[in-house]
Every structure is written in structure tokens, then in C-alpha cells.
Amino acid sequence: QVQLVESGGGLVQAGGSLRLSCAASGRTFSRPTMGWFRQALGKEREFVAAITWRSDTTYADSVKGRFTISRDNAKNTVGLQMNSLKPEDTAVYYCAADLNSGLSRTAYVYDYWGQGAQVTVSS
């Protein structure tokens, strides 16, 4: 079992920045690929970013150049730095772990999920 807990969400004005963190506990953290997904009200969950244990990364086109995913294997944490935020970034953001260690953008591949953190960007 892997437990994931997100923190750092909140309300910010357009153009501002927020940093999300995800703390993992349970099974050994060092190998799983970690991903961030988001779900806006009334919309399907969508991929945001992912990072392998060797720190290979991939991003959704909508956030590329604005968001940065990172991880600290020693501390069992993964972060998402979000800059130049837009109102359309408003969503609940979820941290997820893929024990197969790929670099997938597909939600069903991920084995464990956090409870979500609300990010609201006002115009």
C-alpha cells in the first residue's frame, strides 16, 4: 500500500504561483513514477505532469513552460510548481503513483491516488 497526501492548494490571482506537494508513505517510494492530474468541475480528470524515479518528465501541452514537476526520493515527496496560473487551471489536483515505473499520461495506469487539493485561480 502507498498513501499519498497532497498539500499546498489554495486561491491565487491569475498570473500568480502556487506549489503543490505530495507526501508518500507506505511501500518504498524510490521507484514509482509519480504523476499529477486535475479535474475541473463538470469535466473529466486530465493529465498534468509525470516524473519517473530517474526524473524523466512529461507535461500536458496546456501547462508546458508554466508548471514544473520535481521529486525528492530521499524525502518521499513530489512537487508541482505552478507559475503564470490561469483561471482555466482551476481544478482539484491529484497526486498519483504508478508502481510500474513507466511515464504514462493515462489515469487508469496509476495504482494509488491522493485525496486531492483544490486550486482556484481568479481572473
Side-chain angles (χ1 to χ4, degrees):
Q1 281 287 82
V2 175
Q3 293 79 41
L4 303 173
V5 179
E6 300 98 336
S7 60
L11 173 65
V12 65
Q13 288 189 332
S17 298
L18 279 176
R19 179 176 176 81
L20 298 177
S21 293
C22 175
S25 61
R27 289 181 60 176
T28 301
F29 178 79
S30 61
R31 298 284 175 159
T33 289
M34 301 300 297
W36 287 97
F37 290 76
R38 66 187 182 187
Q39 187 166 17
L41 194 62
K43 296 187 177 181
E44 293 187 353
R45 190 168 299 190
E46 65 174 2
F47 170 78
V48 175
I51 185 168
T52 68
W53 69 276
R54 292 189 299 180
S55 295
D56 297 318
T57 59
T58 186
Y59 295 90
D61 288 345
S62 59
V63 307
K64 197 174 296 183
R66 299 188 298 123
F67 291 12
T68 302
I69 190 171
S70 61
R71 68 188 291 165
D72 185 331
N73 290 339
K75 296 182 178 180
N76 291 349
T77 59
V78 62
L80 184 69
Q81 178 66 42
M82 304 182 291
N83 298 329
S84 302
L85 282 160
K86 305 174 181 180
E88 51 264 44
D89 294 319
T90 295
V92 177
Y93 283 69
Y94 296 91
C95 173
D98 170 15
L99 300 184
N100 291 318
S101 304
L103 194 56
S104 177
R105 299 177 171 215
T106 306
Y108 72 78
V109 168
Y110 287 77
D111 304 287
Y112 296 97
W113 293 81
Q115 82 288 350
Q118 177 70 48
V119 171
T120 303
V121 185
S122 63
S123 57

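On a predicted model such as this, the values are computed, not experimentally measured, just so you know.
- The closest donor-acceptor contact from the side chain of Thr106 to the backbone of Tyr108 lies at 3.5 Å or more, if one exists at all.
- Ala107 approaches Trp113 most closely through the heavy-atom pair O-CZ2, 3.4 Å.
- Between Arg38 and Val63, the shortest heavy-atom distance links the atoms NH1-CG1, 3.9 Å.
- Cluster membership check: Phe67 shares its hydrophobic cluster with Val121, using side-chain heavy-atom separations under 4.5 Å among Ile, Leu, Val, Met, Phe, Trp and Tyr.
- Here the CG-CZ distance, from Leu85 to Arg66, works out to 6.5 Å after rounding to the nearest 0.5 Å.
- Grouping the Ile, Leu, Val, Met, Phe, Trp and Tyr side chains by contacts below 4.5 angstrom, directly or via other members, places Tyr93 with Tyr59.
- In this structure, the separation between CD on Gln118 and CG on Leu11 is 9.5 Å, given to the nearest 0.5 Å.
- Asp89 has no carboxylate O lying under 4.0 Å from a charged side-chain N of Lys86, or vice versa, which leaves the two without a salt bridge.
- Taking every heavy atom of both residues into account, Pro32 and Leu99 meet most closely at CG-CD2, 3.6 Å.
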Q: Check the pair Leu20, Glu6 against side-chain contact (heavy atoms from CB on, under 4.5 Å), reporting the backbone distance first and the verdict last.
A: CA-CA 7 Å; Leu20 298 177; Glu6 300 98 336; over 6 Å; no
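- For the pair Asn83 and Ser17, the tightest heavy-atom approach, listed with the atom from each and the gap, is OD1-OG, 2.9 Å.
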Q: Could you go through the side-chain contact (heavy atoms from CB on, under 4.5 Å) check for Thr58 and Phe47 one step at a time?
A: CA-CA 10 Å; Thr58 186; Phe47 170 78; 3.6 Å; yes
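- Listed for the Arg71 side chain is a donor-acceptor partner under 3.5 Å among the backbone atoms of Thr52.
- Formation of a donor-acceptor pair under 3.5 Å by the Thr33 side chain with backbone atoms of Gly102 is found in this model.
- Annotation for Cys95 and Val78: closest pair SG-CG1, 3.8 Å, computed over non-hydrogen atoms.
- With hydrophobic clusters built from ILVMFWY side chains whose heavy atoms lie under 4.5 angstrom apart, Tyr112 shares a cluster with Val48.
- Put simply, OG1 on Thr77 and CG on Asp72 are 4.5 Å apart, with the number rounded to the nearest 0.5 Å.
- Cluster membership for Trp36 and Val109, using ILVMFWY side-chain heavy atoms within less than 4.5 angstrom, is not shared.
- Exactly one residue among Leu18, Ile69, Thr68 makes a side-chain contact (heavy atoms from CB on, under 4.5 Å) with Leu80. That residue is Ile69.
- Aromatic ring orientation, Tyr110 versus Phe37: perpendicular (interplanar angle above 60°, classes split at 30° and 60°).
- Note: Ser70 OG to Met34 CE = 11.5 Å, rounded to the nearest 0.5 Å.
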Q.
The test is side-chain contact (heavy atoms from CB on, under 4.5 Å); show your working for Asp98 and Asp111 and say whether it passes.
A. CA-CA 5 Å; Asp98 170 15; Asp111 304 287; 3.8 Å; yes
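- Contact record, Trp53 with Arg31: CZ2-NH1, 3.0 Å, taken as the closest heavy-atom pair.
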